[in-house]
Asks: 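Once you've had a glance at the structure underneath, I'll fire off some questions.
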Amino acid sequence: MNYHIGNMLIWQEFNDGNECPLCRIRNILETRLADQYLNESVMEDFQRRMVNERGFCAHHTDMLHARQNKLSLALQHITRLTALKGKLEITADLKTAEKEAEIFIGSGKTCVICDGVEVNMIRYYKTVAEMFYAESKFKETLLSTNGFCLEHFGCLLKYARYAKGRKKDYIYTLTKLEKEALEKLLTDLQWFAAKHDYRNADKPWNGADKALEKSIQKLHGIQAK
């Protein structure tokens, strides 16, 4: 197996055996970026300019606020709010107000951490396909997973062309793996529901006790905290 900085997280997380390894990779990237924006990035001019321009979404603001370095977040909020204040014009003109409306309605949705995560995740979607093509043992590793959340499954399909000469095998392997994972999840969910019938109260769960949690993860991914 060919280990290098571009695929280490893939080998690490695809061998874990839990739900969606790409969610876990994304969460690692989010955590790294959150720590970065509360430490060295606070003093870097380029990063501060990006924070002023893009800010943080609500999810990543909560991540940052949950950490100890409140001062760094406060300083970045000062410059972000100052930048936004500069776009606020006192006016009675409807057209001007409508332009301002677009700026401020979207001001809490843009995010430097989301941007950074997305750029890196696209690289990982491509790398997974490239590894399927180049690494003889990776297909076995892929099949050892429990599939992916639906978003990450779709992203893997989107970049399947990077499996080059093995793309048909890659697509077939991905779709078969995900279909089987969904069928297993639906069976577990149905038994989860059936267990709420008093006639089944004494029957074993057979692993279905976590089915609802797994279905939430399948539909919405596993979120970093």
Side-chain angles (χ1 to χ4, degrees), residues 1 7-32 34 57-60 62-63 66 114 117-118 120-133 135-160 162-163 166-225:
M1 290 181 286
N7 67 21
M8 285 293 290
L9 278 181
I10 295 173
W11 285 119
Q12 172 184 306
E13 299 302 327
F14 276 61
N15 279 292
D16 188 82
N18 292 318
E19 303 303 313
C20 193
L22 284 169
C23 278
R24 295 197 302 280
I25 289 174
R26 183 198 60 201
N27 292 347
I28 289 169
L29 295 173
E30 283 184 311
T31 299
R32 288 176 180 174
C57 66
H59 168 61
H60 289 126
D62 286 343
M63 281 185 67
C114 286
V117 169
E118 181 61 19
N120 281 283
M121 287 304 296
I122 289 172
R123 177 168 57 83
Y124 277 107
Y125 304 141
K126 294 176 181 178
T127 302
V128 171
E130 290 166 350
M131 289 171 67
F132 190 92
Y133 170 74
E135 299 279 352
S136 60
K137 291 188 176 295
F138 186 68
K139 181 176 181 178
E140 180 182 341
T141 299
L142 180 60
L143 288 170
S144 72
T145 71
N146 292 322
F148 305 89
C149 74
L150 294 177
E151 178 183 352
H152 287 144
F153 169 65
C155 290
L156 289 172
L157 290 180
K158 181 177 179 180
Y159 293 96
Y162 286 88
R166 297 190 64 197
K167 60 181 175 291
K168 288 187 177 181
D169 186 18
Y170 179 56
I171 292 168
Y172 177 82
T173 301
L174 277 177
T175 52
K176 185 173 185 292
L177 174 67
E178 192 72 6
K179 184 73 173 288
E180 290 174 352
L182 281 169
E183 288 171 347
K184 172 66 165 57
L185 178 57
L186 281 167
T187 298
D188 287 347
L189 273 172
Q190 288 162 354
W191 184 236
F192 178 91
K195 276 286 291 177
H196 287 73
D197 186 326
Y198 73 93
R199 291 169 293 186
N200 296 321
D202 295 330
K203 295 179 181 178
W205 280 94
N206 296 325
D209 52 318
K210 300 293 185 181
L212 186 56
E213 178 183 336
K214 289 180 179 180
S215 70
I216 293 171
Q217 293 173 349
K218 179 67 74 176
L219 287 164
H220 303 291
I222 305 167
Q223 300 299 318
K225 297 179 181 179

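Just so it is clear, the model here is predicted, and its values are computed rather than measured.
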Asks: Is a side-chain donor or acceptor of E19 paired with a backbone partner of K218 at a separation under 3.5 angstrom?
Replies: no
Asks: Counting neighbours of CD on E183 that are heavy atoms of other residues, nucleotides or ligands and sit closer than 6.0 Å, is the number greater than 12?
Replies: yes
Asks: Can you name the closest pair of heavy atoms from C20 and I222 and give their distance?
Replies: O-CD1, 4.4 Å
Asks: I'd like to know if E180 pairs up with K176 as an ion pair, taking the criterion as any Lys NZ or Arg NE/NH1/NH2 lying under 4.0 Å from an Asp or Glu carboxylate oxygen.
Replies: yes
Asks: If you take all heavy atoms of A160 and I171, which pair is closest and at what distance?
Replies: CB-CG1, 3.6 Å
Asks: Under the side-chain contact (heavy atoms from CB on, under 4.5 Å) criterion, do I28 and Q12 qualify, and how do the steps go?
Replies: CA-CA 12 Å; I28 289 169; Q12 172 184 306; 4.0 Å; yes
Asks: Is the centre of the Y170 ring less than 6.0 Å from the centre of the Y162 ring?
Replies: no
Asks: How long is the span from the CG atom in L174 to the NZ atom in K179, to the nearest 0.5 Å?
Replies: 14.5 Å
Asks: Atom CG of L189 and atom CG of L185: how far apart are they, to the nearest 0.5 Å?
Replies: 4.5 Å
Asks: Do the side chain of K167 and the main chain of A129 share a donor and acceptor less than 3.5 angstrom apart?
Replies: no
Asks: To the nearest 0.5 Å, what is the distance between CZ on F138 and CG on L143?
Replies: 10.0 Å
Asks: Looking at Y159, I want to see if its OH is surrounded by more than 12 non-hydrogen atoms of other residues, nucleotides or ligands under 6.0 Å.
Replies: yes
Asks: Hey, could you give me the NZ/CE distance between K126 and M121, rounded to the nearest 0.5 Å?
Replies: 13.0 Å
Asks: Do F153 and L22 have side-chain heavy atoms sitting under 4.5 Å apart?
Replies: no
Asks: R32: which residues meet the salt bridge (Lys or Arg N to Asp or Glu O under 4.0 Å) condition with it, sequence neighbours left out?
Replies: none
Asks: May I ask you to decide whether R123 forms a salt bridge with E130, counting only side-chain N to carboxylate O separations under 4.0 Å?
Replies: no
Asks: Looking at K210, is its backbone amide N or carbonyl O close enough to the side chain of W205 to form a donor-acceptor pair, meaning the two atoms are under 3.5 Å apart?
Replies: no
Asks: What distance separates C149 SG from K214 NZ, expressed to the nearest 0.5 Å?
Replies: 15.0 Å
Asks: I'd like to check K139 versus D169 (side-chain heavy atoms, cut-off strictly below 4.5 Å). Are they in contact?
Replies: yes
Asks: Could you tell me the separation between the OG1 atom of T127 and the CD1 atom of I10, rounded to the nearest 0.5 Å?
Replies: 5.0 Å
Asks: Of all the heavy-atom pairs spanning G221 and C23, show the shortest one and how long it is.
Replies: CA-SG, 3.5 Å
Asks: Could you check if a side-chain atom of T175 sits within less than 4.5 angstrom of a side-chain atom of L157, using non-hydrogen atoms only?
Replies: yes
Asks: Please report the closest heavy-atom contact between W191 and A208, naming both atoms and the distance.
Replies: CD1-CB, 3.8 Å
Asks: Could you tell me if the side chain of I216 sits less than 4.5 Å from the side chain of E213, heavy atoms only?
Replies: no
Asks: What are the two closest heavy atoms between P21 and T145, and how far apart are they?
Replies: CG-CG2, 4.2 Å
Asks: If we only count heavy atoms from C-beta on, is the M63 to H60 side-chain gap below 4.5 Å?
Replies: yes
Asks: Between W11 and E135, does a side-chain contact (heavy atoms from CB on, under 4.5 Å) hold up when you go through it step by step?
Replies: CA-CA 11 Å; W11 285 119; E135 299 279 352; 4.0 Å; yes
Asks: Is there a side-chain contact between Y124 and R26, using heavy atoms and a 4.5 Å cut-off?
Replies: no
Asks: Going by distance alone, is a donor N or O of one side chain under 3.5 Å from an acceptor N or O of the other, for N27 and R24?
Replies: no
Asks: Any side-chain to backbone donor/acceptor pair from R166 onto F132? Under 3.5 Å, distance only.
Replies: yes
